[in-house]
Protein chains: 2
Amino acid sequence: MVTENLEKLSTKEKIIKIGAEIIVKEGLRKFTAKNIADKLGITDAAIFKHFKSMDDIILEIIDKYVSKCSQSAIEAVEKGHTVKEKLELLLRAHIDVLEETRGAVPVLCFELSRSEDVKFKSILSNFVESYKEKISRIIREGQMEGSIKEDLDPEDVAMFFIGSIQAKVFAYVISGKEGRIIEDPDQFISIIFYGIMKR
Amino acid sequence: MVTENLEKLSTKEKIIKIGAEIIVKEGLRKFTAKNIADKLGITDAAIFKHFKSMDDIILEIIDKYVSKCSQSAIEAVEKGHTVKEKLELLLRAHIDVLEETRGAVPVLCFELSRSEDVKFKSILSNFVESYKEKISRIIREGQMEGSIKEDLDPEDVAMFFIGSIQAKVFAYVISGKEGRIIEDPDQFISIIFYGIMKR
DNA sequence: AAGCTAAGTTAGTTATACCTAACCTGAGGG
DNA sequence: CCCTCAGGTTAGGTATAACTAACTTAGCTT
């Protein structure tokens with residue numbers, strides 16, 4: 001369990017960090033007040049002095065990620081000169097946010113997308129939809145200028161981007177390793193752009 | 001909820017079908033005896049006349065998938081003449097098993113890979129490991145004969161394959177759609193092989 | 001020094017999950 | 001025609017999660 005530099009944080013921030021870590025390493029079923037409290041050396045009841053419900057903790061974790069991701073996507077589009085550069089900037093920014101939040105949100109995205117809870121469902125699907133929309137717009141631009149294959153459906157490609165990151169989190173989670181989720185961003189981006197075949 | 005042709009099955013088979021469907025559509029948290037029983041029009045206690053525990057239901061779902069997948073991977077290697085053909089056969093066979101089981105096992109793979117339960121952890125990680133091993137062997141062969149980029153790590157490529165299927169299940173689950181998980185297998189394989197850029 | 005408050009504590013309440021025990025019933029075999 | 005037993009039922013035991021109420025305490029303000 002990565003708990004480096006946890007001391008200097010407030011209890012509320014610690015709850016969020018530990019909570020995210022639990023979601024990734026142990027799964028939503030272990031995301032309980034008692035589990036978090038035990039790791040912090042307090043009681044479960046104390047959790048509710050900082051958050052009014054367990055759902056509220058999850059909402060804050062998601063909110064942080066979504067706002068950072070959306071922001072950096074906008075910046076990528078502004079700063080990139082070519083389509084390829086835009087996509088690359090977008091992916092690299094996304095990877096940074098992903099590493100910073102230890103992959104918690106893609107995990108939540110998956111686990112909560114089927115939740116009966118309308119609150120989670122709408123927040124996450126709105127995020128995915130708007131992110132997908134941003135990417136498809138770049139893809140369409142690339143198809144117009146001839147750098148991206150015309151026979152691909154832009155929305156499918158956008159989902160392939162999101163899915164590829166999701167897949168990396170999956171591999172990371174399954175491997176049980178510590179350290180970075182995407183060890184070699186260059187290779188990751190290269191496979192997405194040009195595949196695995198030499199041609 | 002897809003419940004076509006459920007009538008002719010035995011209750012035990014119905015439990016497996018409905019159970020898998022719940023895992024994909026509603027998540028592991030809703031995979032409860034009561035939820036399954038309600039959908040079958042029986043009581044929760046009746047479930048335990050067919051399975052001695054809830055875990056046993058999951059084990060049977062996984063077992064079916066793992067054995068089919070492993071079998072078809074062996075066949076793909078035998079039947080394919082070139083490396084490309086082998087990989088394509090392997091992917092197509094995997095897609096078939098995936099569609100047949102409605103994506104339940106990749107979901108389980110993800111949700112249970114972090115379970116404290118040694119039983120699940122080892123079954124699933126053994127499956128992923130051996131499957132990964134089978135793919136990396138083909139990739140290495142491809143690198144030897146020069147059809148696959150030499151600078152790629154075979155194990156990473158293998159995980160990219162598994163991850164890409166996982167990603168499709170994510171997209172399917174998130175979209176909430178019915179129908180096939182991978183709508184266009186040709187395009188799916190093409191992106192994996194050659195990426196999205198025209199070059 | 002008095003008192004307020006944030007952040008703990010303990011000890012519950014309520015809901016729900018898994019699973020068991022004991023009972024019931026209807027169809028098929030002897 | 002009765003017996004067996006698979007596959008149901010109801011009722012309930014046990015564990016655990018979310019959350020609450022009431023109390024405590026340390027630190028800060030006035």
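We name chains A, B, ... by the order of the sequence lines, and we start the count at 1 in each one.
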> Taking only residues two or more places apart in sequence or in another chain, which ones pass side chain to side chain donor-acceptor pair (under 3.5 Å) with A/Lys68?
Replying inline: A/Glu100

>> Less than 6.0 angstrom separating the ring centers of A/Tyr194 and B/Tyr194, yes or no?
In response: no

> What pairs of residues pass the ring pair (Phe, Tyr, Trp, His ring centres under 6.0 Å) test when at least one of them lies in residues 117-156 of chain A, not counting sequence neighbours?
Replying inline: A/His94-A/Tyr131, A/Phe127-A/Tyr131

> Which nucleotide in the list D/dG8, C/dC19, D/dC19 gets nearest to the side chain of A/Asp44?
Replying inline: D/dC19

>> What contact category does B/Ala33 fall into here, base, sugar-phosphate, or nothing, at under 4.0 angstrom with non-hydrogen atoms?
In response: sugar-phosphate

> How close or far is atom P of C/dA6 from atom CD1 of A/Ile42, stated in whole angstroms?
Replying inline: 17 Å

> Within less than 4.0 Å of OP1 or OP2 of D/dG8, is there a side-chain N or O belonging to B/Thr43?
Replying inline: no

> Rounded to the nearest Å, what distance is computed from the CD1 atom of residue B/Ile36 to the C1' atom of nucleotide C/dC18?
Replying inline: 12 Å

>> Can you see if the side chain of A/Thr11 gets near the phosphate of C/dG8 - specifically, an N or O under 4.0 Å from OP1 or OP2?
In response: yes

> Whole Å only: how far is the CZ atom of A/Phe48 from the C1' atom of C/dA6?
Replying inline: 18 Å

>> Can you measure B/Lys30 atom NZ to C/dA17 atom P for me and round it to whole angstrom units?
In response: 7 Å

>> From CG of B/Asp38 over to P of C/dT16, roughly how many Å is that when rounded to an integer?
In response: 12 Å

>> How many whole angstroms separate atom NZ of B/Lys34 from atom P of C/dT16?
In response: 9 Å

>> I want to verify a distance call: between D/dG8, C/dC18, D/dA11, whose nearest atom is closest to the B/Ala45 side chain?
In response: D/dA11

Using nucleotides 23-25 of chain D, report all nitrogen or oxygen pairs with the protein that are shorter than 3.5 Å.
none

> With a distance cut-off below 6.0 Å to the six-membered ring centre and an angular limit of 45° from the axis, does A/Lys177 pair with A/Tyr172 as a cation-pi contact?
Replying inline: no

>> Check this one for me: any side-chain N or O of A/His50 less than 4.0 Å away from OP1 or OP2 of C/dA6?
In response: no

> For the atom pair CZ (A/Phe188) and OG (A/Ser190), what is the distance rounded to the nearest 0.5 Å?
Replying inline: 11.0 Å

> So which of residues 52-64 of chain B are in contact with DNA chain D, with a heavy-atom cut-off of under 4.0 Å?
Replying inline: none

> How long is the line joining CZ of A/Phe51 and C1' of D/dT20, in whole Å?
Replying inline: 18 Å

> By side chain to side chain donor-acceptor pair (under 3.5 Å), which residues pair with B/Asn35, not counting sequence neighbours?
Replying inline: B/Glu26, B/Lys39

> Of the candidate nucleotides C/dG8, D/dA17, C/dA11, which contains the atom at the shortest distance from the side chain of A/Thr32?
Replying inline: D/dA17

Would you be so kind as to tabulate the donor-acceptor pairs closer than 3.5 Å made by side chains of residues 74-82 of chain A, with sequence neighbours excluded?
unit_1  : atom_1 : unit_2  : atom_2 : d
A/Glu75 : OE2    : A/Gln71 : NE2    : 3.3
A/His81 : ND1    : A/Glu85 : OE2    : 3.1
A/Thr82 : OG1    : A/Glu85 : N      : 3.1

>> Among residues at least two apart in sequence or on other chains, which ones pass side chain to side chain donor-acceptor pair (under 3.5 Å) with A/Glu111?
In response: B/Arg114

> Expressed in angstrom and rounded to an integer, what is the separation of B/Arg29 atom CZ from D/dA17 atom P?
Replying inline: 13 Å

> With sequence neighbours left out, what residues match B/Lys30 under side chain to side chain donor-acceptor pair (under 3.5 Å)?
Replying inline: none

>> Taking any heavy-atom pair under 4.0 Å as a contact, classify B/Phe31: base, sugar-phosphate, or nothing.
In response: sugar-phosphate

>> Applying ring pair (Phe, Tyr, Trp, His ring centres under 6.0 Å) as the test, list every pair that has at least one member in residues 134-171 of chain A; sequence neighbours left out.
In response: none

